[in-house]
Amino acid sequence: MMKVIKYAFQRHGDDRGMLVALEEGKEIPFEVKRVYYMYDTVTGVRRGFHAHKCLQQILICVHGFCKIHLDNGRGETAEVDLNTPFEGLYISNDMWREMYDFSSDAVLMVLASELYDEADYIRNYDDFVKYVEENRHE
Ligand code: T46
């Protein structure tokens, strides 16, 4: 079974409601260079279908819910539910990802360690498995 790293962020709640604070070097283990989010995802859509050579990310479904399929290219996979604004899924580089089962109100926010760079994407699954094999350090 593949190890999945999910963070449970501290919730600062009081009688006004809830607040989550994320700080680089504390809750987030990398320098955050970019934030993006997806919303109004069409029902039934599956997105992603790629891996990254260098990029690390934390995915937070700040509203609604969705699921993430992870595949390390070495025969191990995981399905992860994201359904609260106080949990974050860490995705390392060299990890195939697909996002699916979005609720109609889902807002999936992503904290990223690098700026957008198309050259960092591996968009073909067979190329990804080959890349993992070639870059194995054990
Ligand atoms: C990832 C998963 C979780 C930009 O111009 N800047 C950006 O920072 C991003 C992320 C995207 N774009 C443009 C590129 C495409 O024309 O937005 C469009 C949709 O991006 P993409 O098809 O790559 O979206 P997803 O949902 O397949 O993947 C995204 C991220 O790209 C990817 O890094 O890990 O979310």
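Atoms within a ligand are numbered from 1 in the order they appear, just like the ligands themselves.
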Enquirer: For atom 3 (C) of ligand 1, grab the closest protein heavy atom and report residue, atom and distance to one decimal in Å.
Expert: Met99 CE, 3.5 Å
Enquirer: So which protein heavy atom does atom 8 (O) of ligand 1 come closest to, and at what separation?
Expert: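 For atom 8 (O) of ligand 1, the nearest protein heavy atom is Arg34 NH1, 2.5 Å.
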Enquirer: Verify whether one side chain among Gln56 and Tyr90 offers a donor that lies under 3.5 Å from an acceptor in the other.
Expert: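 Yes.
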Enquirer: Could you tell me which atoms of ligand 1, counted from 1 in the order shown, lie closer than 4.0 angstrom to a heavy atom of Arg47?
Expert: 19 (C), 24 (O), 25 (P), 26 (O)
Enquirer: Ignoring hydrogens and angles, state whether a donor on the side chain of Glu118 or Tyr116 is under 3.5 Å from an acceptor on the partner side chain.
Expert: yes
Enquirer: Check whether any protein heavy atom sits under 4.0 Å from atom 16 (O) of ligand 1.
Expert: no
Enquirer: So do Tyr36 and Arg34 actually touch side chain to side chain, heavy atoms under 4.5 Å?
Expert: yes
Enquirer: For residues Phe9 and Ile58, determine if any side-chain heavy atom of one lies less than 4.5 Å from a side-chain heavy atom of the other.
Expert: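 Yes, close enough: below the 4.5 Å cut-off.
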Enquirer: Does Tyr100 OH have over 12 foreign heavy atoms under 6.0 Å away?
Expert: yes
Enquirer: How does Tyr121 reach ligand 1, by side chain, by backbone, by both or by neither, if only non-hydrogen atoms under 4.0 Å count?
Expert: side chain
Enquirer: What distance do Trp96 atom CH2 and Leu70 atom CG have between them, rounded to the nearest 0.5 Å?
Expert: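 Nearest 0.5 Å value for the CH2-CG distance: 12.5 Å.
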Enquirer: Checking contacts here: is it the side chain or the backbone of Arg123 that comes within 4.0 Å of ligand 1, counting heavy atoms only? Could be both or neither.
Expert: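 Contact part for Arg123 vs ligand 1: side chain (C-beta onward).
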Enquirer: Give the atoms of ligand 1, by number and element, whose distance to some non-hydrogen atom of Arg97 is under 4.0 Å.
Expert: 1 (C), 34 (O)
Enquirer: Looking only at the aromatic ring of each residue, does the gap between the centers of His52 and Tyr121 stay below 6.0 angstrom?
Expert: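 Yes; His52 has its ring centre under 6.0 Å from that of Tyr121.
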Enquirer: Give the residue, atom name and distance (to 0.1 Å) of the protein heavy atom nearest atom 27 (O) of ligand 1.
Expert: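 Heavy-atom neighbour on the protein nearest atom 27 (O) of ligand 1: Gly48 N, 3.1 Å.
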Enquirer: Looking at atom 35 (O) of ligand 1, what's its closest protein heavy atom, distance included?
Expert: Tyr36 OH, 3.2 Å
Enquirer: Which heavy atom of the protein is the closest neighbour of atom 33 (O) of ligand 1, given with residue, atom name and distance?
Expert: His52 NE2, 2.6 Å
Enquirer: Going by distance only, is there an N or O of Tyr116 that falls short of 3.5 Å from an N or O of ligand 1?
Expert: no
Enquirer: Mark up the atoms of ligand 1 that fall under 4.0 Å of a heavy atom belonging to His50, in ascending order.
Expert: 1 (C), 2 (C), 27 (O), 28 (O), 32 (C), 33 (O), 34 (O)
Enquirer: Surrounding OH of Tyr125 (heavy atoms of other residues, nucleotides or ligands, distance under 6.0 Å), is the total greater than 12?
Expert: yes
Enquirer: Any N/O of Val110 closer than 3.5 Å to an N/O of ligand 1?
Expert: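 N/O-N/O distance under 3.5 Å: no.
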Enquirer: So does Phe30 have more than 12 non-hydrogen atoms from other groups sitting under 6.0 Å from CZ?
Expert: yes
